[in-house]
> 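Before anything else, here's the structure in question.
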Amino acid sequence: MDRRRDRGGTQRISKFLAQAGVASRRAADQLIQQGRVTVNGKVAVLGQKITPGTDEILVDNKPVTPKEEHVYVMLHKPAGYLSTCHDPFGRPIVLSLIPEITQRVFPVGRLDFDSEGLLILTNDGHLAYLLTHPKHQVIKEYVVEVSGKRDNSKINELLSGIIIDGKKVYVDYAKFLDSPGSDLRILIGVHEGQKHLVKQLCKAVGYRVKQLIRTRIGPLAIFGLEKGKWRYLTQKEVQALYKAARG
Ligand code: URA
């Protein structure tokens, strides 16, 4: 995680060479002093700033490719944002909520425009794959506010499997939550990832979703993070996500 890379994405050349695995910072300085490093065809100088991925860096005439550091962010997505990196219609996207992140991260799995809660953003494609593929059984947990009456038979229906798009989907768990007032809230855990899955499951048992909040992805929970805010994941949290996905 390189938080010191400036907003234009530039970096000191010796640091870039060290991160790319060419040499240690000190040895990279020596390579530069020996005139063995060029930037866009010109001999590099100590302390020079370069733009990884844009400038052509050669060491002994061999190109050096930047190693991308992995960045892991958790965002408390508010409703009214698309979990995509771009929208041709100009609607708000989640990336606009993490302007400080200069690396090219993408959302892991989707949350609907009107859904809220935990969204992981990363440039680690492998972890994204592990977390989203149902075969890795990482449970996503949702608190769903629904319209209708409390009816335990509907929970039993959810638990005994619901056919969605011709395939039987089992929830990992489902139960009513104690709700203040007249709100009816269900806690649902699922490891499948079909589009609008939770809404479809609720609809299948006769409930319409009024609000959907993702509270957990495997071991990672949203609690303590305000709506619209983000933070980096700790190394421990990243390790726990990998562990959860590998079983
Ligand atoms: N299931 C849904 O229906 N919507 C979401 O945003 C996430 C899961």
Side-chain angles (χ1 to χ4, degrees), residues 73-87 89 91-98 105-122 127-148 151 154-155 157-177 179 183-223 225-230 233 241 244-245:
V73 164
M74 67 187 275
L75 168 73
H76 189 152
K77 177 193 174 301
Y81 287 83
L82 287 171
S83 36
T84 54
C85 296
H86 172 73
D87 181 50
F89 303 106
R91 287 168 295 180
I93 57 171
V94 287
L95 288 190
S96 68
L97 296 167
I98 53 165
V105 295
F106 53 86
V108 177
R110 70 189 136 234
L111 269 182
D112 295 337
F113 187 73
D114 56 354
S115 298
E116 305 172 21
L118 177 56
L119 190 66
I120 297 173
L121 296 109
T122 184
L127 182 65
Y129 166 75
L130 293 176
L131 292 178
T132 48
H133 198 295
K135 81 173 176 192
H136 298 292
Q137 308 251 324
V138 179
I139 296 175
K140 287 87 189 176
E141 182 182 273
Y142 300 88
V143 172
V144 195
E145 191 188 324
V146 295
S147 56
D151 176 351
K154 294 185 189 264
I155 296 290
E157 272 185 66
L158 285 171
L159 292 171
S160 45
I162 302 279
I163 307 273
I164 304 275
D165 298 332
K167 187 181 160 228
K168 198 155 194 176
V169 175
Y170 292 92
V171 301
D172 293 271
Y173 51 87
K175 64 172 189 177
F176 287 115
L177 291 173
S179 303
D183 293 345
L184 190 61
R185 292 191 303 151
I186 311 175
L187 184 76
I188 298 184
V190 277
H191 64 271
E192 303 268 348
Q194 292 95 323
K195 218 172 177 189
H196 310 311
L197 179 61
V198 176
K199 287 177 187 162
Q200 292 197 67
L201 289 168
C202 290
K203 189 173 170 200
V205 298
Y207 283 139
R208 187 180 61 79
V209 171
K210 296 203 294 193
Q211 189 191 36
L212 191 152
I213 304 171
R214 181 155 65 203
T215 47
R216 193 176 273 280
I217 297 174
L220 191 66
I222 192 73
F223 309 112
L225 190 63
E226 276 174 48
K227 208 186 281 188
K229 300 278 189 231
W230 68 272
L233 296 189
L241 287 170

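Position 1 is the first residue of the sequence, and the numbers go up from there. One-based numbering, in listed order, for ligands and for the atoms of each.
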> Is the closest side-chain donor-acceptor distance between Gln194 and Gln200 under 3.5 Å?
no
> Between Lys210 and Glu145 (salt bridge meaning N to carboxylate O under 4.0 Å), is one present in this structure?
yes
> With only distance considered, is Ser115 within less than 3.5 Å of ligand 1 through an N or O on each side?
yes
> Ring centroid separation for Tyr170 and His191, is it under 6.0 angstrom?
no
> Which atoms from ligand 1 have a heavy atom of Lys199 less than 4.0 Å away?
2 (C), 3 (O)
> With atoms numbered from 1 as shown, which atoms in ligand 1 lie under 4.0 angstrom from a non-hydrogen atom of His196?
1 (N), 2 (C), 3 (O)
> I need the contact type for Val209 against ligand 1. Using non-hydrogen atoms and a strict under-4.0 Å cut-off, is it side chain, backbone, both or neither?
neither
> Any chance you could measure Tyr142, atom OH, to Ile188, atom CD1, to the nearest 0.5 Å?
10.0 Å
> Considering heavy atoms of the protein only, find what lies nearest to atom 1 (N) of ligand 1 and give residue, atom and distance to 0.1 Å.
Val198 N, 3.1 Å
> What residue and heavy atom of the protein are closest to atom 4 (N) of ligand 1, and at what distance?
Asp112 OD2, 2.8 Å
> Answer whether the closest heavy-atom distance between the side chains of Lys199 and Asp114 falls below 4.5 Å.
yes
> What protein heavy atom sits nearest atom 7 (C) of ligand 1, and how far off is it?
Tyr142 CE2, 3.6 Å
> Would you call Arg214 and Glu141 a salt bridge, using N to O less than 4.0 angstrom?
no
> Suppose I only count heavy atoms of Leu197 and a 4.0 Å limit; which atoms of ligand 1 are within that range?
1 (N), 2 (C), 3 (O)
